[in-house]
Trainee: 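Please read through the structure below; I'll follow up with questions.
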Amino acid sequence: MLLKFLPLATLLALASCGADDTASFGADSQAASTSTLPYIGNSERQAVPGHDSVTVHATVPAFRLHDQDGRLVTNQTLAGKVYITDFFFATCPGICPKMQSELLKVYKQYAANPNVVFVSHTIDPEHDSLPVLRDYARRLGVATPTSTWRFVRASRDTAYALAKAYFTGAMPDAQAPGGIAHAGTFALVDDQGHVRGLYDGLNPQETTKLLEELPVLLAEVKARRSTAAL
């Protein structure tokens, strides 16, 4: 299943693990294909002394964020999980409402699965305080004690750098709605921090594609866990 990669310029113009966890992966993956998704980004071969060389895939860089409830979110927090990420801001009058409406379709199908996490990064942290993010989650209908949708904030520079790492983008633009131009990309990330899919969050057909490919990735993770357990 090859994913369509939309250039950033085009997108901007549009705007540990136990048995129970393995069972949960399987429950969402029974009908999934045995194929795997591609790795997005540069990969390289590295020599390993005494072994054949191995392929090393690009990994999301280290980050420290805080969610709407003040909980720390790091790479370690999300390790072993499959997660979907996007970039938004609470006062966005442009593409954000449409993006979150599309992502909500996916969340509703996976809200009960603890192995799938949703991470929305604010690109306007000066305005989007934790109380603002909590209210945003409440208005979206996902503000529950068990919610796996994390609305996170860090410095603006950190948010912009992470957007680039997820193959999307954001930048100040006085001409853009709300003063910030950003892409509507959803990035699908595997249990090891590799970006495995990119989707246009403004296109319902891309949301459908994400819903088709998410079980494929869950099946791959389940198989990797089973192999590691041998």
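Numbers here simply count residues along the sequence, with the first being 1.
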Trainee: When you compare the side chains of Ser147 and Tyr107, does any donor N or O come within less than 3.5 Å of an acceptor on the partner?
Mentor: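 Short answer, yes.
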Trainee: Does the side chain of Leu210 come within less than 4.5 Å of Leu188's, by heavy atoms?
Mentor: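 In short, these two side chains touch, coming nearer than 4.5 Å.
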Trainee: Taking Thr85 for its side chain and Val119 for its backbone only, find out whether a donor-acceptor pair lies under 3.5 Å.
Mentor: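 Looks like yes, one N/O pair under 3.5 Å.
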Trainee: Is Thr168 close to His182 at the side-chain level, that is, under 4.5 Å between some pair of heavy atoms?
Mentor: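 No; the side chains remain at least 4.5 Å from each other.
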Trainee: Would you find a donor on one side and an acceptor on the other, under 3.5 Å apart, between the side chain of Asp124 and the backbone of Asp128?
Mentor: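 No, the answer is negative, given that no donor and acceptor are paired below the 3.5 Å cut-off.
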Trainee: Is any side-chain heavy atom of Leu198 less than 4.5 Å from a side-chain heavy atom of Phe186?
Mentor: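 Not touching, per the 4.5 Å side-chain cut-off.
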Trainee: Under a 4.5 Å cut-off applied to non-hydrogen side-chain atoms, are Arg138 and Thr144 in contact?
Mentor: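 No, their side chains stay 4.5 Å or more apart.
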Trainee: Can you give each donor-acceptor pair under 3.5 Å made by side-chain atoms of residues 63-70, sequence neighbours left out, with the distance rounded to 0.1 Å?
Mentor:
unit_1 : atom_1 : unit_2 : atom_2 : d
Asp67  : OD1    : Asp69  : N      : 2.9
Asp67  : OD1    : Gly70  : N      : 3.1
Asp67  : OD1    : Arg71  : N      : 2.9
Asp67  : OD2    : Arg71  : NE     : 2.8
Asp67  : OD2    : Arg71  : NH2    : 2.8
Asp67  : OD2    : Arg150 : NE     : 2.6
Asp67  : OD2    : Arg150 : NH2    : 3.1
Gln68  : OE1    : Phe151 : N      : 2.8
Gln68  : NE2    : Trp149 : O      : 3.2

Trainee: I'd like to know if Asp191 pairs up with Arg224 as an ion pair, taking the criterion as any Lys NZ or Arg NE/NH1/NH2 lying under 4.0 Å from an Asp or Glu carboxylate oxygen.
Mentor: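 Yes, this pair counts.
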Trainee: Can you check whether Tyr160 reaches Leu162 side chain to side chain, under 4.5 Å on heavy atoms?
Mentor: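 A side-chain contact under 4.5 Å is absent here.
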Trainee: Would you say that Val189 contacts Ile84 through its side chain, given a criterion of any heavy-atom pair below 4.5 Å between the two side chains?
Mentor: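 Heavy-atom side-chain distance check fails, nothing below 4.5 Å.
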Trainee: Could you tell me if the ring centre of His121 sits under 6.0 Å from that of Phe87?
Mentor: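 They qualify: ring centres under 6.0 Å apart.
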Trainee: For atom CD of Glu126, is the number of surrounding heavy atoms from other residues, nucleotides or ligands below 6.0 Å larger than 12?
Mentor: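 Atom CD in Glu126 is packed in, count exceeds 12.
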Trainee: Determine whether Tyr110 and Leu218 make a side-chain contact, defined as any pair of heavy atoms from C-beta on separated by less than 4.5 Å.
Mentor: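 Sidechains of Leu218 and Tyr110: in contact.
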Trainee: Between Asp200 and Thr185, is there a side-chain heavy-atom distance shorter than 4.5 Å?
Mentor: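 Contact flag for Thr185/Asp200 side chains = no.
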Trainee: Looking at Glu102 and Lys105, is there a salt bridge between them, counting it only when a charged N and a carboxylate O are closer than 4.0 Å?
Mentor: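 The answer is yes: the pair qualifies as a salt bridge.
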Trainee: Would a hydrophobic clustering, with Ile, Leu, Val, Met, Phe, Trp and Tyr connected at side-chain separations under 4.5 Å, put Leu211 with Val142?
Mentor: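 Linked, Leu211 and Val142 end up in one cluster.
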Trainee: If the threshold is 4.0 Å, N to carboxylate O, is there a salt bridge linking Arg196 and Glu220?
Mentor: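 Looking at Arg196 and Glu220, the cut-off is met.
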